[in-house]
Amino acid sequence: MSYTILVSALIALFVTYFATKYAIRYFRFVRLVSTDVHKKSKPLVPSSSGIPLMAGIVAGLLTYIFIKVFLYGSQLGLADIFASIVSIF
């Protein structure tokens, strides 16, 4: 069962990492940036970083559900996991 959590965490990590890299480029392209007021040079940084983070969390949770239901055949506790996904949105 610990492999399930490990695989889900790795999927969440990779989805968050690659979605963030893509989102940074996309948000700069569409000029969805703001000034970083905490640095002396005042660089422009993308301002909507929650979207890739939320995508990574949902991907990890859905991977955990997939492994738990289709590989182990267990459906215990899925209502709590679906409730956490719904509360994210």
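All values below were derived from every heavy atom in this structure, side-chain atoms included, with hydrogens, water molecules and symmetry-related copies excluded. As the structure is a computational prediction, the values presented were derived from the model and not from experiment.
Dense packing is recorded around CZ of Phe27, with more than 12 heavy atoms of other residues, nucleotides or ligands lying under 6.0 Å away. When the shell of 6.0 Å around NZ of Lys42 is examined, it contains more than 12 heavy atoms from other residues, nucleotides or ligands.
Ile51 and Tyr26 fall within a single hydrophobic cluster, where Ile, Leu, Val, Met, Phe, Trp and Tyr are joined by side-chain heavy atoms under 4.5 Å apart, directly or via other members. Note on Val7 and Ile81: same hydrophobic cluster, where clusters join Ile, Leu, Val, Met, Phe, Trp and Tyr whose side-chain heavy atoms are under 4.5 Å apart, directly or indirectly. Both Leu53 and Leu62 sit in one connected hydrophobic cluster of ILVMFWY residues. Membership requires side-chain heavy atoms under 4.5 Å apart, directly or through other members. One hydrophobic cluster, built from ILVMFWY side chains closer than 4.5 Å, cannot hold both Met54 and Ile24; they sit in different ones. Under the 4.5 Å side-chain heavy-atom criterion for grouping Ile, Leu, Val, Met, Phe, Trp and Tyr, Ile5 is connected to Val69 within one hydrophobic cluster.
Side chain of Ser8 to main chain of Tyr64: a donor-acceptor pair is present (N/O by atom type, distance under 3.5 Å, no hydrogens or angles). The main-chain N or O of Ser74 is never found under 3.5 Å from a side-chain atom of Lys68 such that the two would form a donor-acceptor pair.
For the pair Leu61 and Ser84, the minimum side-chain heavy-atom distance is below 4.5 Å. Side-chain atoms of Phe18 and Tyr22, non-hydrogen and from C-beta on, never get closer than 4.5 Å to each other.
Nearest heavy-atom pair across Leu44 and Thr35 is CD2-OG1, 3.7 Å. Residues Phe82 and Ile65 approach most closely at CE2-CD1, 3.7 Å, considering heavy atoms. Nearest heavy-atom pair, Thr20 versus Thr16, reported as atom, atom and distance to 0.1 Å: OG1-O, 2.6 Å. Minimum heavy-atom separation, Ser48 to Leu32: CB-CD2, 4.0 Å. When all heavy atoms of Ala12 and Gly56 are compared, the closest pair comes out as CB-O, 3.3 Å.
Residues satisfying the ring-ring contact (aromatic ring centres under 6.0 Å, His included) test with Phe70, not counting sequence neighbours, are Phe66.
Counting only residues at least two apart or on different chains, no salt bridge (Lys or Arg N to Asp or Glu O under 4.0 Å) pair has a member in residues 13-32.
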